[in-house]
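The structure under discussion appears below in the form of structure tokens.
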Amino acid sequence: MAITQSDVVYTAVATAENGRDGRVSTDDGKLDVVVNPPKEQGGSGNGTNPEQLFAAGYSACFQGALAVVARQENADITGSTVTAKVGIGKNDDGFGLIVEIAASIPNVDPAAARALVEKAHQVCPYSKATRGNITVTLSA
């Protein structure tokens with residue numbers, strides 16, 4: 001279910017200058033980075049790129065969702081990590097993204113870890129936003 005503006009508790013604000021080959025910064029100054037296309041896309045690769053920024057945000061958000069689910073399930077996820085791989089490639093109408101989410105949950109058996117990851121995927125805001133739009137694969 002979509003939220004309305006009255007439901008919003010925080011809004012991130014970022015501004016890009018010169019698109020994929022420039023600079024991105026947040027209004028509070030906490031993020032200010034040079035962005036360049038990666039070498040694989042003909043760029044210099046000297047800065048970060050939007051896919052890396054998306055992977056960073058998605059992995060952090062998913063880790064938070066995993067923590068919520070773990071608390072509900074009384075599972076110990078101490079020492080867990082979430083890695084997001086975001087790929088970009090050509091599709092029928094330009095470019096598209098594909099995502100792989102891999103969770104390492106050392107204190108939980110593999111079947112329980114997989115169940116936690118599936119549940120986290122249902123509550124993570126990034127997962128909700130991408131559902132039905134891009135392919136997201138999960139592993140634990």
Side-chain angles (χ1 to χ4, degrees):
M1 180 159 124
I3 67 171
T4 64
Q5 190 60 41
S6 64
D7 298 319
V8 173
V9 294
Y10 171 74
T11 300
V13 179
T15 302
E17 299 171 16
N18 209 32
R20 297 179 66 87
D21 202 3
R23 179 176 161 257
V24 177
S25 61
T26 55
D27 64 335
D28 62 5
K30 292 181 180 178
L31 179 70
D32 190 343
V33 295
V34 172
V35 290
N36 301 116
K39 290 181 179 181
E40 296 84 349
Q41 288 184 303
S44 68
N46 290 333
T48 189
N49 59 66
E51 292 71 38
Q52 289 175 320
L53 296 170
F54 185 70
Y58 202 160
S59 63
C61 187
F62 200 96
Q63 179 76 42
L66 184 63
V68 168
V69 169
R71 279 192 298 278
Q72 293 170 346
E73 301 287 324
N74 206 19
D76 179 9
I77 64 163
T78 303
S80 66
T81 61
V82 173
T83 300
K85 295 180 181 180
V86 176
I88 185 170
K90 291 185 179 184
N91 63 11
D92 292 342
D93 53 357
F95 288 87
L97 299 176
I98 189 168
V99 175
E100 297 175 35
I101 299 287
S104 172
I105 311 172
N107 297 325
V108 177
D109 72 76
R114 178 69 185 187
L116 289 170
V117 167
E118 291 286 344
K119 289 177 182 174
H121 188 50
Q122 297 307 308
V123 300
C124 174
Y126 276 64
S127 292
K128 289 179 181 182
T130 60
R131 191 167 292 121
N133 299 313
I134 65 174
T135 300
V136 177
T137 57
L138 306 172
S139 65

Mutual orientation of the aromatic rings belonging to Tyr58 and Phe62 [parallel < 30°, tilted 30-60°, perpendicular > 60°]
tilted

Closest contact, heavy atoms only, [X] versus [Y]:
| X | Y | result |
| --- | --- | --- |
| Gly47 | Gln52 | O-OE1, 4.3 Å |
| Ala14 | Val24 | CB-CG1, 4.4 Å |
| Arg20 | Pro37 | O-CD, 3.1 Å |
| Ala65 | Ala120 | CB-O, 3.7 Å |
| Ser44 | Lys39 | O-CE, 3.3 Å |
| Val117 | Ala103 | CG2-CB, 3.5 Å |

Hey, mind stepping through Asn49 and Ile88 against side-chain contact (heavy atoms from CB on, under 4.5 Å) and telling me if it holds?
CA-CA 11 Å; Asn49 59 66; Ile88 185 170; over 6 Å; no

When Asp32, Thr15, Asn36 are each screened for side-chain hydrogen bond (donor to acceptor under 3.5 Å, both in side chains) with Arg23, the one that passes is Asp32

Do [X] and [Y] belong to the same hydrophobic cluster, where Ile, Leu, Val, Met, Phe, Trp and Tyr are linked whenever their side-chain heavy atoms lie under 4.5 Å apart, directly or via other members?
| X | Y | answer |
| --- | --- | --- |
| Ile98 | Phe54 | no |
| Val8 | Val13 | no |
| Leu53 | Val34 | no |
| Leu97 | Val35 | no |
| Ile3 | Tyr126 | no |

In Å, rounded to the nearest 0.5 Å, how long is the span from [atom1] of [X] to [atom2] of [Y]?
| X | Y | atom1 | atom2 | answer |
| --- | --- | --- | --- | --- |
| Ile134 | Ser127 | CD1 | OG | 9.0 Å |
| Ile105 | Ile77 | CD1 | CD1 | 6.5 Å |
| Glu51 | Glu40 | CD | CD | 10.5 Å |
| Asn46 | Asp21 | CG | CG | 9.5 Å |

With salt bridge (charged side-chain N to carboxylate O under 4.0 Å, His left out) as the rule and sequence neighbours excluded, what pairs involving residues 66-88 come up?
Glu73-Lys119

List the residues meeting salt bridge (charged side-chain N to carboxylate O under 4.0 Å, His left out) with Arg131, not counting sequence neighbours, and say none if there are none.
none

Derivation of the side-chain contact (heavy atoms from CB on, under 4.5 Å) call for Thr83 and Glu100
CA-CA 8 Å; Thr83 300; Glu100 297 175 35; over 6 Å; no

Would you check if there is a donor-acceptor pair between the side chains of Thr130 and Asn133 at a distance under 3.5 Å?
no

